[in-house]
**Student:** 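One structure, as structure tokens, below. Some questions next.
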Amino acid sequence: MTTFSHGDRIRYATTGEDGLPLVRYGFIGGVSEPDGPIVVMLDGELGGDVVELEHVQPVHICNVTLTLAGSDLLDDPSLRQGLVNLWAAEAESAGLQIASLHCIGTGVRDSSEGYALAELSSGGEQYVLRATLCMKQYDAIVVHADRPNRWEVL
């Protein structure tokens, strides 16, 4: 279980009214019990919200994801290329510092479910930005960074 302190940067994940995942960012405003609800101060809001601990994670480059409706976003090379900038904007709103971001053209198919779109570094670590079919929702994709497999060269 993750323990939080006042002021920690967080990722608050829930489901929006449209049924798609909804992610917001903010800071811990207060912790009452180790396993109880916590107060989060979401970006762009003046007051705090009390949320269940299970919906909150510390911000990390590997959990900053972008879920978008339309699996056709993977089929069109120019749309795939645009996903890099969309994810970079999400990472910026999460408060992450990206040291370098290098697109891999229009992406390289690295699995039957998706493409490697870019190589990036943050905090002295190397990552690959990928777009894959969403396993939780039909006709959606997920854009996320993860550590490269040992056979991938950055």
Side-chain angles (χ1 to χ4, degrees), residues 1-31 37-74 76-108 110 113-148 154:
M1 176 190 308
T2 304
T3 56
F4 293 101
S5 299
H6 183 81
D8 287 348
R9 186 80 174 145
I10 56 94
R11 173 185 189 269
Y12 170 53
T14 187
T15 303
E17 293 176 10
D18 57 3
L20 286 173
L22 175 64
V23 175
R24 305 211 32 219
Y25 301 97
F27 295 92
I28 297 294
V31 179
I38 57 176
V39 176
V40 296
M41 309 299 287
L42 296 171
D43 294 350
E45 293 187 11
L46 294 176
D49 291 341
V50 177
V51 300
E52 294 299 324
L53 192 59
E54 65 204 34
H55 297 293
V56 178
Q57 298 174 313
V59 170
H60 184 272
I61 195 163
C62 291
N63 69 10
V64 173
T65 60
L66 193 58
T67 302
L68 302 166
S71 58
D72 59 329
L73 293 168
L74 291 180
D76 185 327
S78 61
L79 294 177
R80 273 197 312 269
Q81 200 169 34
L83 295 173
V84 174
N85 292 329
L86 289 174
W87 182 87
E90 183 74 10
E92 183 178 326
S93 77
L96 293 176
Q97 297 291 318
I98 305 299
S100 67
L101 179 66
H102 303 286
C103 291
I104 306 172
T106 57
V108 174
D110 67 344
E113 292 85 30
Y115 291 82
L117 302 175
E119 300 168 334
L120 59 113
S121 65
S122 178
E125 298 288 327
Q126 301 294 315
Y127 300 91
V128 175
L129 184 65
R130 292 188 164 87
T132 59
L133 292 173
C134 182
M135 297 299 166
K136 297 179 181 178
Q137 182 152 350
Y138 174 73
D139 196 35
I141 65 161
V142 177
V143 183
H144 65 284
D146 61 15
R147 297 192 190 245
L154 291 176

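Model, not experiment: these values are computed from the prediction. Every heavy atom of this structure was used, including side-chain atoms; hydrogens, water molecules and symmetry mates were not.
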**Student:** Do Val142 and Met135 have side-chain heavy atoms sitting under 4.5 Å apart?
**Tutor:**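 Not touching, per the 4.5 Å side-chain cut-off.
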
**Student:** For Glu113, what residues pass the salt bridge (Lys or Arg N to Asp or Glu O under 4.0 Å) criterion, not counting sequence neighbours?
**Tutor:**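 With neighbours one apart ignored, the set is empty.
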
**Student:** Which residues pass the side-chain hydrogen bond (donor to acceptor under 3.5 Å, both in side chains) test with Gln81, not counting sequence neighbours?
**Tutor:**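 side-chain hydrogen bond (donor to acceptor under 3.5 Å, both in side chains) check on Gln81 returns nothing, list empty.
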
**Student:** Could you pull out the closest heavy-atom pair between Leu117 and Gly107, with the gap in Å?
**Tutor:**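 Distance-wise, the nearest heavy atoms are CD2-CA, 4.2 Å.
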
**Student:** Which atom names give the shortest non-hydrogen contact between Cys134 and Thr67, and what distance separates them?
**Tutor:**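 Heavy-atom minimum between the residues: SG-CG2, 4.5 Å.
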
**Student:** Looking at Val128 and Ala116, what are the two nearest heavy atoms and their distance?
**Tutor:**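 Looks like CG1-CB, 3.9 Å.
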
**Student:** Rounded at 0.5 Å granularity, tell me how far CG in Leu22 sits from NE2 in His55.
**Tutor:**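 With rounding to 0.5 Å, CG (Leu22) is 11.5 Å from NE2 (His55).
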
**Student:** Could you grab the distance from atom CD1 of Ile104 to atom OH of Tyr115, nearest 0.5 Å is fine?
**Tutor:**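 That separation rounds to 13.0 Å.
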
**Student:** Quick test of your reading: applying salt bridge (charged side-chain N to carboxylate O under 4.0 Å, His left out), list the pairs with at least one residue in residues 48-74, sequence neighbours left out, ordered by first then second residue.
**Tutor:**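 Salt bridge (charged side-chain N to carboxylate O under 4.0 Å, His left out) check on residues 48-74 returns no pairs.
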
**Student:** Once rounded to the nearest 0.5 Å, what's the spacing between atom CG of Leu68 and atom CH2 of Trp87?
**Tutor:**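 Rounded to the nearest 0.5 Å, the CG-CH2 separation comes to 13.5 Å.
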
**Student:** Between Val64 and Tyr25, is there a side-chain heavy-atom distance shorter than 4.5 Å?
**Tutor:**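 SC-SC contact between Tyr25 and Val64 confirmed.
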
**Student:** Sequence neighbours left out, what passes side-chain hydrogen bond (donor to acceptor under 3.5 Å, both in side chains) with Ser122? Give chain and number order.
**Tutor:**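 With neighbours one apart ignored, the set is empty.
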
**Student:** Rounded to the nearest 0.5 Å, how far does OG1 of Thr132 lie from CG of Leu74?
**Tutor:**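 Spacing of CG (Leu74) from OG1 (Thr132) equals 7.5 Å.
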
**Student:** Does any non-hydrogen side-chain atom of Val40 lie less than 4.5 Å from one of Ile28?
**Tutor:**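 Side-chain contact under 4.5 Å: yes.
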
**Student:** Under 3.5 Å, which donor-acceptor pairs link side chains of residues 95-102 to any protein atom two or more places apart or in another chain?
**Tutor:**
unit_1, atom_1, unit_2, atom_2, d
Ser100, OG, Ser121, OG, 2.9

**Student:** Let me check something: any side-chain donor-acceptor pairs from residues 4-12 under 3.5 Å, sequence neighbours excluded? List them with distances.
**Tutor:**
unit_1, atom_1, unit_2, atom_2, d
His6, ND1, Gly29, O, 3.0
Asp8, OD2, Ser5, N, 2.8
Arg9, NE, Ala94, O, 2.9
Arg9, NH1, Gly26, O, 3.4
Arg9, NH1, Asp43, OD1, 2.9
Arg9, NH1, Asp43, OD2, 3.2
Arg9, NH2, Asp43, OD2, 2.8
Arg9, NH2, Ser93, O, 2.9
Arg9, NH2, Ala94, O, 3.4
Arg11, NE, Asn63, O, 2.5
Arg11, NH1, Gln57, OE1, 3.0
Arg11, NH2, Asn63, O, 3.3
Arg11, NH2, Thr65, OG1, 3.1

**Student:** Near Glu92 CD, under 6.0 Å, is it more than 12 heavy atoms from other residues, nucleotides or ligands?
**Tutor:**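 Not buried by this count: 12 neighbours or fewer within 6.0 Å.
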
**Student:** What are the two closest non-hydrogen atoms of Arg147 and Arg130, and how far apart are they?
**Tutor:**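 Result for this residue pair: O-NH1, 4.1 Å.
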
**Student:** Identify which one of Leu86, Val23, Ile141 satisfies the side chain to side chain contact (heavy atoms under 4.5 Å, CB included) criterion when paired with Leu66.
**Tutor:**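 Result: among Leu86, Val23, Ile141, Leu86 is the only option passing the side chain to side chain contact (heavy atoms under 4.5 Å, CB included) with Leu66.
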
**Student:** Would you say the side chain of Leu73 lies within less than 4.5 Å of the side chain of Val143, judging by non-hydrogen atoms?
**Tutor:**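 They are not in contact (no side-chain heavy atoms under 4.5 Å apart), so the answer is no.
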
**Student:** Measure across Ser71 and Leu133 and return the closest heavy-atom pair with its distance rounded to 0.1 Å.
**Tutor:**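 Residues Ser71 and Leu133, closest heavy atoms: CB-CD2, 3.7 Å.
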
